[in-house]
Amino acid sequence: MAYVDGEVHTNGLENFWSLLKRGLKGTYVSVEPFHLFRYLDEQMFRYNNRKGYDDKARFDLAVRQIVAGGSPSTS
């Protein structure tokens, strides 16, 4: 088993799951399993747009994607 293969490694996935668990246990506290995919979509959007965006720019991006009819988790 290899944890690193060139530029492919497991650190990004471990970081994502850590942030997701922190959000579910700290920010949202009570999450219904039925809505879990929505929380996962939000965390994917935040993770995929964490670099190069401040909070205002990330919010503007999300609103533009919602108005355009696209899912906020797509870039």
Side-chain angles (χ1 to χ4, degrees):
M1 175 190 281
Y3 295 102
V4 177
D5 185 10
E7 292 187 25
V8 178
H9 53 81
T10 61
N11 289 358
L13 183 61
E14 290 174 2
N15 184 24
F16 174 80
W17 284 116
S18 173
L19 293 171
L20 177 64
K21 288 191 295 186
R22 189 180 322 150
L24 293 177
K25 291 180 182 177
T27 303
Y28 305 115
V29 183
S30 178
V31 175
E32 293 292 326
F34 176 76
H35 298 291
L36 185 59
F37 73 96
R38 292 183 172 104
Y39 295 102
L40 187 57
D41 279 348
E42 178 185 352
Q43 288 299 100
M44 285 189 309
F45 176 80
R46 288 174 181 263
Y47 188 80
N48 290 332
N49 296 292
R50 71 193 183 282
K51 296 180 182 174
Y53 293 97
D54 59 5
D55 289 339
K56 180 188 180 310
R58 193 172 16 257
F59 178 77
D60 290 343
L61 176 63
V63 170
R64 282 196 314 270
Q65 290 179 351
I66 291 169
V67 169
S71 171
S73 64
T74 60
S75 296

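Residues meeting the side-chain contact (heavy atoms from CB on, under 4.5 Å) test with Phe59, sequence neighbours left out: Val63. For Asn15, the side-chain hydrogen bond (donor to acceptor under 3.5 Å, both in side chains) criterion is met by no residue, not counting sequence neighbours.
For Arg46, the CZ atom sits in a loose shell: 12 or fewer heavy atoms of surrounding residues, nucleotides or ligands are nearer than 6.0 Å.
Ionic pairing of Asp41 and Arg38 is not present here: no N-O contact between side-chain nitrogen and carboxylate oxygen is shorter than 4.0 angstrom. Using a cut-off of 4.0 Å between Lys/Arg side-chain N and Asp/Glu carboxylate O, Lys56 and Asp60 are scored as salt-bridged.
Separation of atoms OG (Ser18) and CG (Leu13) is listed at 11.0 Å; rounding is to 0.5 Å. Expressed to the nearest 0.5 Å, how far OH of Tyr39 lies from NE2 of His35 amounts to 7.0 Å. For the atom pair CG (Asn49) and CD (Gln65), the distance works out to 7.0 Å, reported to the nearest 0.5 Å. In this structure, Leu19 CG and Glu14 CD are separated by 12.0 Å, a value rounded to the nearest 0.5 Å. Atom CG of residue Leu36 and atom CD of residue Gln43 lie 10.5 Å apart, to the nearest 0.5 angstrom.
Of all the heavy atoms in Tyr28 and Val31, the pair that sits closest is CB-CG2, 3.8 Å.
The side-chain heavy atoms of Leu20 and Tyr47, taken from C-beta on, include no pair separated by under 4.5 Å.
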